[in-house]
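Throughout, protein chains are lettered first and strands after them, A, B, ... in sequence-line order, and every chain is numbered starting at 1.
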Number of protein chains: 2
Amino acid sequence: MKQFHEYQNPSLAVDLVVFGYHDNTLSVLLLNRREEPFKDCWTLPGGFLQMNETFRDTCSRILKTKVGMDNVFLEQLYSFDDLQRDPRGRVIAVGYYALINPARFSIIAGSMANDVKWFNVRKMPALGFDHREIFQLALQRLKSKILYYPVGFELLDELFTITELHELYECILQTTIDRRNFRRKILDAEYIINTGTKREGLQNRHPELYRFNRKLKKNNFQININIS
Amino acid sequence: MKQFHEYQNPSLAVDLVVFGYHDNTLSVLLLNRREEPFKDCWTLPGGFLQMNETFRDTCSRILKTKVGMDNVFLEQLYSFDDLQRDPRGRVIAVGYYALINPARFSIIAGSMANDVKWFNVRKMPALGFDHREIFQLALQRLKSKILYYPVGFELLDELFTITELHELYECILQTTIDRRNFRRKILDAEYIINTGTKREGLQNRHPELYRFNRKLKKNNFQININIS
DNA sequence: TTTACTTTACGTTAAAATGACGCAAACGAA
DNA sequence: TTCGTTTGCGTCATTTTAACGTAAAGTAAA
């Protein structure tokens with residue numbers, strides 16, 4: 001019988017779908033590859049797993065070195081194992097998605113300016129490898145997740161208005177949601193807490209600022225929104 | 001720079017949570033290991049990925065050779081990457097779960113009799129590796145899935161009564177569901193089709209036999225059952 | 001045959017949730 | 001002050017849900 005380490009193993013990579021929300025637009029961070037394969041193509045940021053790393057470690061390393069981010073929300077998506085997915089050989093990719101508030105990071109500066117870019121999720125370019133598939137699964141997961149988990153938590157500022165949260169939901173779900181019913185559901189679910197302060201300097205009535213209820217029981221929250 | 005194939009890679013394994021439903025009991029198939037590590041411990045059936053296999057291929061191979069099953073429902077669960085999860089070295093495991101109708105297979109015969117066994121999911125023995133974690137995630141996934149996807153499809157016979165389906169739901173969700181409300185929801189959702197035939201030979205009123213509606217639109221179905 | 005008992009099939013009803021709106025207060029700008 | 005817009009709170013008809021009633025269909029015992 002073969003010894004344990006004599007088996008040949010596929011390479012293991014991590015690919016990241018980094019979502020950011022800004023100016024009423026949901027975007028994904030893409031890298032322009034400088035090497036073959038898929039040279040000059042847009043791809044998801046990714047990298048190979050090292051022997052002493054967990055997937056999350058790899059994600060953190062990629063986020064830090066390639067796009068200058070740290071300490072972000074990460075969740076495993078799915079593992080992709082198509083035999084032909086990488087022309088260099090057998091590579092298994094574990095997909096993760098990240099949710100970040102772009103305001104927190106000053107990426108896309110200096111030498112990286114042409115290589116790292118936000119793309120509106122509705123206007124994606126062609127992607128290398130099977131990254132379109134990974135991206136689409138991530139988007140679908142985000143859409144599902146936002147209905148039963150307070151996802152905005154990761155995408156918005158610490159303080160926000162109900163209108164801002166409402167716009168985030170409409171943007172992600174690609175649907176219109178009645179403003180007043182949305183307010184009622186969100187408040188009834190105790191999803192957010194009124195801080196008592198208001199956002200100043202706006203043209204019209206100053207809206208109240210809220211923060212997420214961190215004490216919310218898991219799965220205590222569900223928004224039923226008809227996605228038609 | 002290192003060449004592509006010179007990187008050291010973890011081993012890649014697949015671990016399977018095989019669910020079967022019989023006699024109003026949800027069970028999982030476990031193997032008693034004959035080798036170290038975890039010799040004589042119960043573990044999930046599993047095996048190493050080969051270079052020319054997809055995960056599903058590996059699952060099929062394991063199911064066929066270790067427990068004599070083929071052509072079953074399979075879904076990827078999650079990938080487990082703890083550095084210490086296997087005492088032999090770095091092994092990444094991709095968890096899958098399978099749903100089968102035990103009546104379809106004559107496993108647990110002959111030389112395997114002492115090695116392969118069904119365990120009631122509520123009476124699980126200690127498991128080797130991190131298999132308890134994998135099992136628990138699978139059970140949780142099954143519980144969630146049954147609420148929006150016609151899972152019974154895979155676990156019951158071709159023809160079944162509403163009472164049998166009702167019992168399956170109660171068993172998996174570990175809760176009581178009003179018999180009459182359950183019937184109404186399942187029928188309104190067009191989840192099942194009345195075959196016009198009845199199950200004969202029972203003591204009391206003969207119940208009508210149904211089959212799953214294979215033409216059911218995906219996600220057209222949702223049962224709201226309060227899991228308290 | 002009749003009675004007793006159980007399961008199945010089909011209703012009923014009050015309460016809760018939802019969707020579709022109305023409207024006045026709060027603000028800056030004209 | 002007036003105007004236009006956003007925000008916050010409310011109403012109401014309709015739908016959905018949970019809880020429970022009851023008669024028909026069957027077997028077995030009286």
Side-chain angles (χ1 to χ4, degrees), chain A residues 23-24 146-148 152 156-157 159-171 173-211 219-228, chain B residues 23-24 146-148 152 156-157 159-171 173-211 219-228:
Chain A
D23 283 340
N24 224 323
I146 201 175
L147 297 177
Y148 66 91
L156 296 177
D157 291 340
L159 301 183
F160 54 88
T161 68
I162 291 190
T163 298
E164 284 159 12
L165 187 63
H166 177 233
E167 283 170 347
L168 173 66
Y169 272 75
E170 289 196 334
C171 176
L173 294 173
Q174 284 285 287
T175 184
T176 57
I177 307 169
D178 184 89
R179 185 172 47 87
R180 293 146 293 187
N181 293 338
F182 179 81
R183 162 186 295 272
R184 185 183 50 198
K185 284 188 180 184
I186 291 285
L187 289 175
D188 285 355
E190 298 183 82
Y191 179 18
I192 55 177
I193 297 169
N194 194 328
T195 63
T197 57
K198 300 188 176 196
R199 192 181 293 294
E200 308 289 340
L202 294 181
Q203 202 141 9
N204 301 308
R205 180 170 177 175
H206 298 174
E208 293 171 342
L209 286 168
Y210 289 80
R211 67 173 70 249
N219 295 339
N220 185 24
F221 166 65
Q222 174 144 5
I223 300 194
N224 291 318
I225 290 166
N226 278 349
I227 304 162
S228 48
Chain B
D23 282 341
N24 224 324
I146 201 175
L147 295 178
Y148 66 88
L156 295 177
D157 290 340
L159 301 183
F160 54 88
T161 67
I162 291 190
T163 298
E164 284 160 12
L165 187 63
H166 178 233
E167 284 170 347
L168 172 67
Y169 272 75
E170 288 194 335
C171 176
L173 294 172
Q174 284 285 285
T175 184
T176 58
I177 307 169
D178 183 273
R179 189 168 42 87
R180 292 145 294 186
N181 292 338
F182 178 81
R183 160 187 294 272
R184 176 163 40 87
K185 283 187 180 184
I186 292 285
L187 289 175
D188 285 356
E190 298 183 81
Y191 180 18
I192 56 177
I193 297 169
N194 193 328
T195 63
T197 57
K198 299 188 178 197
R199 192 180 293 296
E200 307 291 340
L202 294 181
Q203 200 139 12
N204 300 307
R205 180 170 178 176
H206 298 174
E208 293 171 343
L209 286 168
Y210 290 79
R211 66 174 72 249
N219 296 339
N220 185 25
F221 166 63
Q222 175 144 3
I223 300 195
N224 291 319
I225 289 166
N226 278 350
I227 303 163
S228 49

Checklist entry - Can you check the B/E167 CD to C/dT7 C1' distance for me, whole Å? => result 11 Å
Checklist outcome for this item: Whole-Å distance, A/R179 CZ to D/dC9 P, equals 12 Å
Checklist entry - Can you find a donor-acceptor N/O pair under 3.5 angstrom joining the side chain of A/R184 to the base of C/dG19? => result yes
Next on the checklist: When you measure from the side-chain N and O atoms of B/K185 to the phosphate of D/dA18, is any distance below 4.0 Å, counting only OP1 and OP2?
Outcome noted: yes
Next on the checklist: Using whole Å, what does the distance between atom P of nucleotide C/dT8 and atom NE2 of B/H166 come to?
Outcome noted: 11 Å
Item to check | Rounded distance (Å) that lies between atom P of C/dT8 and atom CD1 of B/I186 | outcome: 15 Å
Checklist entry - Who are the salt bridge (Lys or Arg N to Asp or Glu O under 4.0 Å) partners of B/R211, not counting sequence neighbours? => result B/E158
Checklist outcome for this item: Between CG of A/L187 and P of C/dT18 the distance, given in whole Å, is 14 Å
Item to check | Mutual orientation of the aromatic rings belonging to B/Y169 and B/Y191 [parallel < 30°, tilted 30-60°, perpendicular > 60°] | outcome: perpendicular
Item to check | Distance below 4.0 Å between A/T163 side-chain N/O and D/dT6 OP1 or OP2 | outcome: no
Next on the checklist: For A/N194 and A/L187: C-alpha separation, side-chain torsions, deciding distance, then whether side-chain contact (heavy atoms from CB on, under 4.5 Å) applies.
Outcome noted: CA-CA 9 Å; A/N194 194 328; A/L187 289 175; over 6 Å; no
Item to check | Test log, rule side-chain contact (heavy atoms from CB on, under 4.5 Å), inputs B/H206 and B/R199 | outcome: CA-CA 6 Å; B/H206 298 174; B/R199 192 180 293 296; 5.8 Å; no
Checklist entry - Run the side-chain contact (heavy atoms from CB on, under 4.5 Å) check on B/T195 and B/L159 step by step: do they pass? => result CA-CA 8 Å; B/T195 63; B/L159 301 183; 3.7 Å; yes
Next on the checklist: Is it the case that the base of D/dG21 and the side chain of B/R180 share a donor-acceptor contact (distance under 3.5 Å, atom types as modelled)?
Outcome noted: yes
Checklist entry - Whole Å only: how far is the CG atom of B/D188 from the C1' atom of D/dT15? => result 12 Å
Checklist entry - Are a donor atom and an acceptor atom from the side chains of A/T161 and A/T163 found within less than 3.5 Å of each other? => result no
Item to check | A/F182 CZ to C/dT18 P, straight-line distance once rounded to whole Å | outcome: 14 Å
Checklist entry - Hey, what do you get for CD1 (B/I177) to CZ (B/R179), rounding to the nearest 0.5 Å? => result 13.0 Å
Checklist outcome for this item: Whole-Å distance, B/D178 CG to D/dT16 C1', equals 15 Å
Checklist entry - In residues 200-210 of chain A, which residues come under 4.0 Å of DNA chain D by heavy atom? => result A/N204, A/R205, A/P207, A/E208
